[in-house]
Amino acid sequence: MQPIQEIYPLLTTPRRVVITMHQKPDADAMGSALGLYHFLKQFGHEVTVVSPTNWARWLNWMPGCNTVVDFELNRDKAEKIMDAAEWFFCLDFNVLLRTKNMAPKLRSLNCTRILIDHHQQPEEASFAYGVSDTSKSSTCEMIYDFIKGSGHLDKINIEIAECLYAGVMADTGSFRFPAASAAVHEMVSYLKARGLNHTQVHENVYDNFLENRLRFIGHVLLHRMEVYYEYNTALIAISKKDLLRFEIKTGDSDGLVNYPLSIQGIKMAALVIDRDEERKWSFRSKGDFDVNTFARKYFEGGGHYNAAGGRSSASLDQTVEDFHRAMEESAAALQD
Ligand code: 5GP
Ligand code: MN
């Protein structure tokens with residue numbers, strides 16, 4: 001993988017460009033993809049964002065979101081666009097498998113793949129150019145760095161500002177996590193100077209749910225959360241029945257895993273959801289408990305030190321049992 005800087009001089013030659021991100025894109029994945037989309041279009045590139053799957057309805061406010069092609073929904077169209085791509089940006093994921101059903105197609109393409117990501121252990125051999133930096137708060141921050149590094153900061157317009165702000169805000173927990181560095185605040189300062197209405201973006205992301213989601217959270221916190229004080233750990237396990245009862249859609253469970261961390265002393269919060277094809281895990285931690293390693297070791301996953309995810313093909317009951325065992329094995333690190 002060559003350094004990303006090497007493509008700066010090539011930016012001004014129009015190309016057919018596709019941008020993608022991890023499956024079930026969140027605010028950082030969608031925000032970075034659309035931020036880059038609005039930037040590249042200004043050079044005359046033919047740009048399309050292809051999402052590996054659908055996304056949360058509360059992301060639809062993002063400028064350009066209505067042009068995003070859902071690979072699973074419009075497979076023929078997506079494959080045609082992918083086949084024609086000269087440049088293929090891969091944002092906010094480290095391994096091609098994170099694009100799920102799109103991965104084999106993405107791997108088979110004979111085009112220039114470019115990585116911009118902040119997850120650990122990227123599959124570097126799959127990319128011609130790229131930047132991978134786990135110290136970065138978000139991929140949106142890295143798109144800002146990319147724009148700045150290429151010498152085109154003046155091309156940041158209100159659309160780009162809104163997209164990038166949304167991702168940084170989401171991935172830093174509204175600027176509370178340690179990754180919200182001085183550079184992040186300087187970036188936000190610049191976006192504000194360009195006219196960003198940050199209050200509006202915050203409302204678009206956090207005050208845009210339907211009633212059922214709030215009822216669902218109430219139900220889950222009351223009936224589905226177990227707290228293991230001896231391990232400073234809390235677990236939320238959600239069945240298919242719960243999802244159906246509250247009509248939970250993609251994105252409605254985002255953020256749920258953070259709630260148990262607000263309990264005094266809790267170091268690790270885990271959430272497992274019984275999805276059709278797998279049991280999907282989310283892990284969050286505070287301080288020195290490394291959920292990236294935990295997710296890798298026990299649940300075929302990974303992510304960051306304090307935020308990671310994983311999966312299991314076992315039943316919900318079985319994977320919860322597996323979690324209990326994993327928690328017991330990690331007792332020393334959880335207890336100190
Ligand atoms: P979330 O819990 O929000 O789905 O994911 C937390 C973090 O872990 C994100 O940075 C996400 O990209 C990463 N992550 C989630 N699921 C997986 C997974 O199955 N494998 C890997 N390698 N990373 C994951
Ligand atoms: Mn991210």
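For ligands, and for the atoms within them, numbers begin at 1 and follow the listed sequence.
- The Mn ion (ligand 2) sits nearest to atom OD1 when only the N, O or S atoms of D92 are considered.
- The nearest N, O or S atom of D26 is not closer to the Mn ion (ligand 2) than 2.8 Å.
- Ring orientation note: the planes of Y228 and H324 are nearly perpendicular, at an angle over 60° on the 30°/60° scale.
- The residues K267 and D288 are annotated as salt-bridged, a charged nitrogen and a carboxylate oxygen being separated by less than 4.0 angstrom.
- For W55 and N60, the side-chain atoms include at least one donor-acceptor pair closer than 3.5 Å.
- For a heavy-atom separation below 4.0 Å, the residues in contact with ligand 1 are R98, H119, K280, S282, R284, G301, G302, G303, H304, A307, A308, G309, G310.
- Listed by chain and number, the residues in a salt bridge (Lys or Arg N to Asp or Glu O under 4.0 Å) with E278 are R311 (sequence neighbours excluded).
- N212 and E247 share no side-chain donor-acceptor pair at under 3.5 Å.
- Donor-acceptor pairing under 3.5 Å is lacking for the side chains of N94 and H118.
- Formation of a donor-acceptor pair under 3.5 Å by the D290 side chain with backbone atoms of T293 is found in this model.
- Of all the N, O or S atoms in D28, the one closest to the Mn ion (ligand 2) is OD2.
- The minimum distance between the Mn ion (ligand 2) and any N, O or S atom of D171 involves atom OD2.
- Residue contacts to the Mn ion (ligand 2): C140 brings no N, O or S atom closer than 2.8 Å.
- Taking the charged nitrogens against the carboxylate oxygens, R325 and D322 do have a contact shorter than 4.0 Å, which makes a salt bridge.
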